[in-house]
Amino acid sequence: MPEITENRAKGGGNMDISVILPSYNPTEKLITAVRALANAGFDDIIVINDGSRETTIFDQIKDLPFVTVLSHEKNSGKGRALKTGFEYFTENRRDKIGLVTTDDDMQHNAEDIVSCCKEMEKTGIAVFGARSFKGEEIPSKSRIGNNMTSFTFRFLCGIKITDTQTGLRAIPRSYLPLLIKTEGERFEYETNMLLSMKENGLSFKEIPIETIYSDNNSGTHFRPVKDSIKIYAVILKYMASSLMSSAIDLLCFTLINLLLPVHWGEWVRIFTSTAAARAVSSAVNYTVNRRKVFKSKSRLDSSLLKYYALTVCQMTASYGLVYLISSALGTSRSILQTVYKMIVDVILFFICFVLQREWVFKERKE
């Protein structure tokens with residue numbers, strides 16, 4: 001954890017929600033943002049100076065009423081700055097019901113921040129401000145990056161969210177112990193927050209907010225592919241697990257087929273080799289998916305039964321669909337059957353990914 005120094009202005013108020021505002025090399029927009037928040041009624045604004053090269057801006061706000069400035073000695077990343085704010089809030093703001101995060105460049109107006117806080121107070125769950133990404137005025141970098149990660153969140157992670165890049169998040173106090181322990185020090189942390197909330201059954205909702213971009217959003221540090229790699233890693237692990245299992249299946253089939261007595265007959269050797277190879281490869285695939293891909297803590301007997309039920313259904317569906325396509329197109333003992341199988345198995349691959357995530361390895365909440 002980076003070394004932190006604290007400057008706390010004197011003053012107090014009755015607002016139940018603190019503001020966490022991470023900042024790195026800010027412009028005077030930070031001063032404008034702090035004043036706007038104070039005018040909107042926020043009486044506890046915690047600014048994290050994440051190792052900025054120039055501290056003049058922070059010097060101008062540290063003595064404002066209800067402002068706390070926490071300073072990292074060196075730049076440690078937005079994720080670390082947010083967690084520094086969360087940790088400080090947990091230890092020093094025991095009278096507050098929650099906090100709201102926002103950015104230092106005025107991309108969120110004070111009215112929208114207040115709206116998210118009120119909705120969080122009313123519902124008791126996290127509330128995120130959701131901008132619209134339609135229209136020619138939206139920078140292409142933000143539009144493409146958000147659409148790509150939004151689709152990935154929904155399909156690969158089962159999280160329905162329209163604005164994946166929002167920095168406006170109202171969060172109840174009860175969520176913070178989990179979020180403080182969530183991995184990530186830089187931009188990936190905000191992605192990991194969502195994944196961690198999903199895995200632990202913590203709900204959130206979105207409310208529409210004004211879309212504000214200045215200077216074509218040139219100040220953003222978001223990198224659509226690199227900063228989304230934590231999400232894509234899930235499907236990459238799943239693919240790697242499947243490929244490894246296929247290699248094990250093929251190797252076991254070949255060895256067993258060669259070692260079995262010739263007088264057993266061809267169909268017996270092939271059936272025995274196939275069944276034995278699949279038993280080994282599926283055991284490996286189940287173990288890797290449970291521990292490394294989905295990191296499930298579900299009961300072993302329950303998930304194992306579901307896994308093999310899904311495996312049987314997948315094998316049956318693959319065989320049935322290839323047979324039906326071949327029969328319909330009049331294809332027999334042709335290389336085209338291999339092409340059909342490849343297409344069918346790719347479709348089943350993604351279907352089974354979703355079913356394993358949402359059914360086989362999904363943890364039951366008591």
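Every value quoted in this text rests on a predicted model; they were computed, and no experiment measured them.
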**Prompt:** Taking the side chain as C-beta and beyond, is there a heavy-atom pair between Leu179 and Met197 under 4.5 Å?
**Reply:** yes
**Message:** Side chains of Ser303 and Arg290, heavy atoms from C-beta outward: is any pair under 4.5 Å?
**Reply:** yes
**Asked** Of Ile248, Leu255, Asp249, which is the lone residue that meets side-chain contact (heavy atoms from CB on, under 4.5 Å) with Leu251?
**Response** Leu255
**Fill in**
Tightest non-hydrogen contact, residues Ser52 and Ser23, listed as OG-O, 3.9 Å
**Message:** Quick test of your reading of the model: are Asp43 and Lys96 salt-bridged, counting only N-O distances below 4.0 Å?
**Reply:** yes
**Prompt:** Where does the angle between the aromatic ring planes of Phe128 and Phe204 fall among parallel (under 30°), tilted (30 to 60°) and perpendicular (over 60°)?
**Reply:** parallel
**Item:** Backbone N/O of Gln107 and side chain of Arg131: donor-acceptor pair under 3.5 Å
**Value:** no
**Item:** Any residue meeting side-chain contact (heavy atoms from CB on, under 4.5 Å) with Ala33, in chain and number order, not counting sequence neighbours
**Value:** Met106
**Request:** Kindly compute the distance separating OG1 (Thr68) from CD1 (Ile45), expressed to the nearest 0.5 Å.
**Result:** 9.5 Å
**Request:** Go through the steps for Lys78 and Asp50 under the test side chain to side chain contact (heavy atoms under 4.5 Å, CB included), then give the verdict.
**Result:** CA-CA 8 Å; Lys78 186 177 182 181; Asp50 188 27; 5.9 Å; no
**Message:** Using only atom types and a distance under 3.5 Å, with no angle test, would you say the side chain of Ser76 pairs donor to acceptor with the backbone of Lys74?
**Reply:** yes
**Request:** Could you pull out the closest heavy-atom pair between Thr101 and Leu82, with the gap in Å?
**Result:** CG2-CD2, 3.9 Å
**Prompt:** Between atom CD1 of Ile161 and atom CG of Asp163, what is the distance when rounded to the nearest 0.5 Å?
**Reply:** 7.0 Å
**Request:** Nearest 0.5 Å please: distance from the OH atom of Tyr308 over to the CE atom of Met315.
**Result:** 11.0 Å
**Asked** Do the side chains of Arg169 and Leu194 get nearer than 4.5 Å, heavy atoms only?
**Response** yes
**Request:** Please check if Phe350 and Leu243 belong to a single hydrophobic cluster, counting links between Ile, Leu, Val, Met, Phe, Trp and Tyr side chain heavy atoms closer than 4.5 Å.
**Result:** no
**Request:** For Tyr286 and Leu300, work out which heavy atoms get closest and say how close.
**Result:** OH-CD1, 3.1 Å
**N/O donor-acceptor pair under 3.5 Å between Tyr175 side chain and Ser203 backbone** = yes
**Asked** Closest heavy-atom contact between Val19 and Phe42?
**Response** CG2-CD2, 3.5 Å
**Prompt:** Ion pair present between Glu206 and Lys160, side-chain N to carboxylate O less than 4.0 angstrom?
**Reply:** no
**Message:** With heavy-atom distances below 4.5 Å as the criterion, would you say the side chains of Leu321 and Ile347 are in contact?
**Reply:** no
**Message:** With a 4.5 Å cut-off on side-chain heavy atoms, are Val344 and Ile325 touching?
**Reply:** yes
**Message:** Check Glu111 with Lys118, please: is the shortest side-chain N to carboxylate O separation under 4.0 Å?
**Reply:** no
**Heavy-atom closest contact (Cys116 atom, Ile209 atom, distance)** = SG-CG2, 4.5 Å
**Item:** 4.5 Å side-chain heavy-atom contact, Phe353 and Glu358
**Value:** no
**Side chain Ser241, main chain Lys237, donor-acceptor under 3.5 Å** = no
**Item:** Asn285 (side chain) donor-acceptor with Ser281 (main chain) under 3.5 angstrom
**Value:** no
**Item:** Spacing of Leu99 atom CG and Asp16 atom CG [to the nearest 0.5 Å]
**Value:** 12.5 Å
**Asked** Which is it for His108 and Thr166 under the side chain to side chain contact (heavy atoms under 4.5 Å, CB included) test, yes or no, and what are the steps along the way?
**Response** CA-CA 9 Å; His108 307 115; Thr166 182; 4.0 Å; yes
**Fill in**
Gly79 and Tyr189 have their tightest heavy-atom pair at CA-CB, 3.5 Å
**Message:** Is there a side-chain contact between Phe58 and Ser71 in this structure, where contact means two heavy atoms from C-beta onward sitting under 4.5 Å apart?
**Reply:** no
**Request:** Report the distance from atom CH2 of Trp264 to atom CG of Asn257, rounding to the nearest 0.5 Å.
**Result:** 11.0 Å
**Asked** With no hydrogens and no angle check, is any side-chain donor or acceptor of Ser318 less than 3.5 Å from a backbone partner on Gln314?
**Response** no
**Prompt:** Taking Ser196 for the side chain and Asn192 for the main chain, is one N or O donor matched with an acceptor at less than 3.5 Å?
**Reply:** no
